[in-house]
Amino acid sequence: MMVDFNGAVISMQAPKRGVKVAAAPAKKKPEKVVNPLFEKRPKQFGIGGALPPKRDLHRFVKWPKVVRIQRKKRILRQRLKVPPALNQFTKTLDKNLATNLFKLLLKYRPEDRAAKKERLLKRAQAESEGKTVEAKKPIVVKYGLNHITYLIEQNKAQLVVIAHDVDPIELVVWLPALCRKMEIPYCIVKGKSRLGAIVHQKTASALCLTTVKNEDKLEFSKILEAIKANFNDKLIAKEAAQRMT
């Protein structure tokens, strides 16, 4: 007990603490009914035990050298600045136009070995019988890099189709520039194997058309206009803009 200056009595008792409430009784968990027929046996993954679960070992596989080179090349292209001469092979013909182009090219497929053998047999039989054989030159797709280069230089080519995935790329890297110089329409399409299928080969780096039949001239002219707008004219305009700057 204490008394202040005015004579009032001050109590010095400690404040009462909160009364503790009795804890509620813990709920008993319902016992899990165990089926006596099925005994729980955890797997042991030690030696001679259960087989371990399948893991993704993709990172640890030693991939073939060809695959490793492809992946390294792709990463380098992502990280390094690619020169325009190589970068142009990433911009290919759009799907609809490419479909129309391949439909046209399939009409001018060169003959395969069986067809050639049959033609020569018929020709030999006709000559043995004393008949005159009309040897009319067929209109077909031209292939082979040297042959196509010769046709471009002679200004006989009307359309050049180049594959985007030629390896090494140096084989065809100069071909678009030659086509622009000779003012010959060219396009870059996806898949050397698609080009190869047209000429009965595994792959083909480039194909060329020198002429078409009269019934296909209208369709061919439409394809040429679209290709010129997408490749020849676009790159010529870009080069002119660079010279101005």
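With E225 contributing its side chain and K222 its backbone, the two residues share no donor-acceptor pair below 3.5 Å. Checking side-chain atoms of R109 against main-chain N and O of V199 turns up no donor-acceptor pair under 3.5 Å. At distances below 3.5 Å, not a single donor-acceptor pair connects side-chain atoms of H147 with backbone N or O atoms of K142. A donor-acceptor pair under 3.5 Å is absent between the side-chain atoms of Q44 and the main chain of G49, judged by distance alone.
At least one side-chain heavy atom of I198 sits under 4.5 Å from a side-chain heavy atom of L207. Under the 4.5 Å side-chain criterion, counting only non-hydrogen atoms from C-beta, I162 is not in contact with S205. In this structure, W63 and R71 have side chains that are in contact, with non-hydrogen atoms separated by less than 4.5 Å. Inter-residue side-chain proximity for L101 and L159 is flagged as met; some heavy-atom pair is nearer than 4.5 Å. Residues Q125 and L120 are not in side-chain contact: their nearest non-hydrogen atoms beyond the backbone lie 4.5 Å or more apart. A heavy-atom distance below 4.5 Å is found between the side chains of P110 and Y143. Proximity of N232 to Y186: side-chain heavy atoms (C-beta onward) are separated by under 4.5 Å at one or more points. Side-chain contact check for W174 versus T149: some heavy-atom pair is nearer than 4.5 Å.
Atom CZ of F45 sits in a crowded spot, with more than 12 heavy atoms from other residues, nucleotides or ligands closer than 6.0 Å. Within 6.0 Å of the CG atom in L51, the count of heavy atoms belonging to other residues, nucleotides or ligands does not exceed 12. Environment of CG in L37: crowded, with over 12 heavy atoms of neighbouring residues, nucleotides or ligands closer than 6.0 Å. Atom CZ of R119 has more than 12 neighbouring heavy atoms from other residues, nucleotides or ligands inside a 6.0 Å radius. Other residues, nucleotides and ligands place no more than 12 heavy atoms under 6.0 Å from the CD atom of E183. Within 6.0 Å of CZ on R68 lie more than 12 heavy atoms contributed by other residues, nucleotides or ligands. Remark: N146 CG is loosely packed, at most 12 non-hydrogen atoms of other residues, nucleotides or ligands lying under 6.0 Å away.
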* To do: Might you work through the salt bridge (Lys or Arg N to Asp or Glu O under 4.0 Å) test for D216 and K103, ending with a clear yes or no?
  => CA-CA 11 Å; D216 295 324; K103 277 180 187 174; over 6 Å; no
* Assess whether side chain to side chain contact (heavy atoms under 4.5 Å, CB included) is satisfied between L195 and V189, documenting all intermediate values. => CA-CA 9 Å; L195 295 184; V189 295; 3.9 Å; yes
* Might you work through the side chain to side chain contact (heavy atoms under 4.5 Å, CB included) test for Q158 and I184, ending with a clear yes or no? => CA-CA 6 Å; Q158 287 191 9; I184 290 168; over 6 Å; no
* Asked: Do K107 and E219 pass the side chain to side chain contact (heavy atoms under 4.5 Å, CB included) test, and can you show the C-alpha distance, the side-chain angles, and the key distance before you say yes or no?
  -> CA-CA 12 Å; K107 290 181 184 178; E219 189 188 349; 4.0 Å; yes
* Please walk me through it: do N230 and L97 pass side chain to side chain contact (heavy atoms under 4.5 Å, CB included)? -> CA-CA 11 Å; N230 283 342; L97 195 55; 4.0 Å; yes
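Residues K131 and E129 are paired through a salt bridge, judged by an N-O separation under 4.0 Å between the basic side chain and the carboxylate. Remark: D165 does not engage K190 in a salt bridge, criterion side-chain N to carboxylate O under 4.0 Å.
Heavy atoms only, all atoms of each residue included: A157 and C208 are closest at CB-SG, 3.4 Å. Between H164 and G191, the closest heavy-atom pair is ND1-N, 3.2 Å.
Side-chain heavy atoms closer than 4.5 Å link hydrophobic residues (I, L, V, M, F, W, Y) into clusters, and following such links, possibly through other members, connects V161 to L224. By the rule that hydrophobic residues join a cluster once side-chain heavy atoms approach within less than 4.5 Å of another member, L145 and Y150 end up as members of separate clusters. When hydrophobic clusters are built by joining Ile, Leu, Val, Met, Phe, Trp and Tyr residues whose side-chain heavy atoms come closer than 4.5 Å, directly or via intermediates, V67 is grouped together with V61. Hydrophobic clustering (side-chain heavy atoms under 4.5 Å, transitive across Ile, Leu, Val, Met, Phe, Trp, Tyr) keeps L178 apart from L151.
Taking CD of Q70 as the reference point, atom NZ of K65 lies at 13.5 Å (rounded to 0.5 Å). Rounding to the nearest 0.5 angstrom, the gap separating the NZ atom in K117 from the CG atom in D112 is 12.0 Å. Taken to the nearest 0.5 Å, the CG atom of N96 stands 6.0 Å off from the OG1 atom of T99. Going from atom CG of L57 over to atom CZ of R59 covers 10.5 Å, rounded to the nearest 0.5 Å. The CG atom of L121 sits 12.5 Å away from atom NZ of K116, with the distance rounded to the nearest 0.5 Å. Atom CG of residue N100 and atom NZ of residue K95 lie 12.5 Å apart, to the nearest 0.5 angstrom.
Under the salt bridge (charged side-chain N to carboxylate O under 4.0 Å, His left out) criterion, K202 pairs with no residue, sequence neighbours left out.
With 3.5 Å as the limit, one finds no donor-acceptor pair spanning the side chains of R113 and H200.
Checking I188, V166, V82 one by one against F89, the side chain to side chain contact (heavy atoms under 4.5 Å, CB included) holds for a single residue, I188.
In this structure, R194 satisfies the cation-pi test against F102, with its NZ or CZ atom closer than 6.0 Å to the six-membered ring centre and inside 45 degrees of the ring normal.
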